[in-house]
Every structure is written in C-alpha cells, then in structure tokens.
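Just so it is clear: chains get the letters A, B, ... in the order the sequence lines come, proteins before strands, and each one is counted from 1.
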Amino acid sequence: MPPSTDPFYAGLGQAVRIGTEMLAALIVGGGLGWLVDTYLFASGPWGMVVGLVLGVTAGIRNAYRMAQQWK
Amino acid sequence: MENPLHPFELHQLVQLSLFGVDISLNKAVLMMWVVVGLAATLLVLGGASRRLVPTKLQSLAELLVEFIRGIIIDTMGQDGIRFFPLVATLFVFILFSNLLGLIPGSYTVTSQIAVTGAFALMVYGLSIVLGFLLHGVKFFGILIPPGTPGWLLPLMMPIELISQLARPISLAVRLFANMTAGHVILGVLFGLAITGGALIGWLPFAFTIAMNALEVGIAFIQAYIFTVLTCVYLGDAVHLHGHEAHAH
C-alpha cells in the first residue's frame, strides 16, 4: 500500500484525525449536557455549559494523547 | 451551476417493501453489491492459485493480507489476530468503496453517514460487549486513566466518558466527511471547468485531475485510519489500559 507508507500521506492522515477527534468530543459533551438540561433536571443552560467545557477538555486531551504517540 | 450536493441524493430505483419496511433499491445499494462482488471475486481468484511464485493477482492479495495482519499485530499484539476476519472485511469493503467511488459516474457508498455510522456503531458496540464479557464490572475501569490521583477522579471520569462516547462519532464522521468533502470539491471544480469554457476552463480542469490523484491517496488513508482505530478500540477492550497486555 504505497500511500499509507508515504510520509506525506501518513502525516495528512494524522492531521485530519486531530480535527474530528476534537469535534466529536465537543459534540458529545454539549449533547450530554443538553440531554441533562432537557430531560433530567430543568437546570437551564448550566448542564450544557458544563458539558461543553468537559467536551472541549476531552477533545484537547484526545488530541494531546494522539500527538504524544508521534514522538 | 449545479448544486454540488446533488450527486449525494438517493432516489428509489426499484420500489420494494418487506412487512411494511421500505427496502427499495437505490444507487448506494447497487454500488454496495458491485463493491462486494468485485472485492470477493478479486480476493477469491487471488487466493485460488496458491503458487510458490505468485501470480500478479495472488501477490496483490498477499500484500493486502500481510498489510492488514501488520496493522493488527502492531496495535493489538499477537492475540489480536483472531479479529482478522472482521478487520480485513471492514478494510477491504471501505477501501473498495472509496476507490470505486472515484470512478466518474459511480457512487461512493462511504459518503453516506448511515453506512459509516453503522460500521462505527458495530465496531464500538462489539468493543463494549467484548470488554464486559472479558473483564466483567472491572471494565468500568476504562473510565479511569492509569495514574490518576484520587481527588481528580470526579473530574476525570466525565471527561473520559465523553471521550469514550466520542469514539463512534469521530469514527463515523471522519470517513463520511472526508469522502463527501472530496467529492464536493471535485464537483465544484468540474462545474467551474464547464462554466469557464475553453478560455479559462482548462485551469480548474487541471485541478480536478490533481485532486483526483489526491483523493486516491485519501481513499487509502481513510480506509487505513478506520481499520487502525477499529483495532485500537478492540484492543483497548481486550487489554484494558494496555499494561496487562499479555497478562490475562
């Protein structure tokens, strides 16, 4: 499989992974917060705020963990 | 100019329904059959000869098998090889869908989030079921990263839960978005080439050719990434934190 051993394509593959990794965590965090707000407690915007913060944290952590594997 | 998302719309070609469930045929279903048929034919033919000095098709099939075997052993260790049939099927199907979708006039099955989402949920569901079967309640330990001080646990567990739940989403969205975006770009450039006419149209047309070459690379990369992450998630479920990789 030439393209996956080619350094250009290998780097491209890892670069496009970081974006989705962060985005997915953000979506899940915000979504869970929204679910808590809407169906569990009527806690206004706060569930989603906390969820988004946790989601961003999880996303950055995932990206950081990925980047550490490259060394 | 034509709507660049138009090629992704699916229309019923043959109306079918089974017990009230709509199972009509459309372009994506037909294309999936083509992918499965072609992949199965090539691999069965390649595996049929079994010569010591391989034929061209046989060496292609051997290269593919060795490549997938390498991915599994790198990410899951020797005992991960029992997942070979699943991982190889996923890789071959996604690779063939991505590559065949680049032929003008065909359809990219993996540009439908229903398809990639089904794969991602299957892989992630399998890893969860496997984890609980192998480790029982201890599998909840996947929410606690090794080396976390106790007072950080209330913060780390929600974060870890979110990054676990994000796995199937990022798996599905990555493949779907890359395939869709690549084809949208190709469509827009080709539309520009047609509107540009003979005077300037050759410029975007040259870009479509360059983009197509890049898309062939992306087709390989996305199939590769999906396969590697499948192995990583299954490996996490089997080994739980990786430290006791061969201990259990």
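Looking at B:Leu229, only its side chain comes within 4.5 Å of chain A, counting heavy atoms on both sides. Contact of B:Leu165 with chain A is made through backbone and side chain together, with heavy-atom distances under 4.5 Å.
Residues B:Leu155 and A:Leu54 form a side-chain contact, since some pair of their non-hydrogen atoms from C-beta on lies under 4.5 Å apart. The closest side-chain heavy-atom distance from A:Val28 to B:Gln164 is not below 4.5 Å. Residues A:Glu21 and B:Arg167 have side chains not in contact (no heavy-atom distance under 4.5 Å, counting atoms from C-beta outward).
Atom OH of B:Tyr124 is surrounded by more than 12 heavy atoms from other residues, nucleotides or ligands within 6.0 Å.
Taking A:Leu26, A:Asn62, A:Leu23, A:Val50 one by one and counting their heavy-atom pairs under 4.5 Å with chain B, the maximum is reached by A:Asn62.
Between atom CG of residue B:Leu171 and atom CZ of residue A:Arg17 there is a gap of 9.5 Å, rounded to the nearest 0.5 Å. Annotation: the span from B:Ser170 atom OG to A:Ile27 atom CD1 amounts to 9.5 Å, rounded to 0.5 Å.
Looking at residues two or more places apart in sequence or on another chain, you find a side-chain contact (heavy atoms from CB on, under 4.5 Å) between B:Val232 and B:Thr75, B:Val228, B:Asp236. In terms of the ring-ring contact (aromatic ring centres under 6.0 Å, His included) criterion, residue partners of B:Phe132 (sequence neighbours excluded) are, by chain and number, B:Phe139, B:Phe140.
Smallest separation of non-hydrogen atoms from A:Gly51 and B:Ile162: O-CD1, 4.3 Å.
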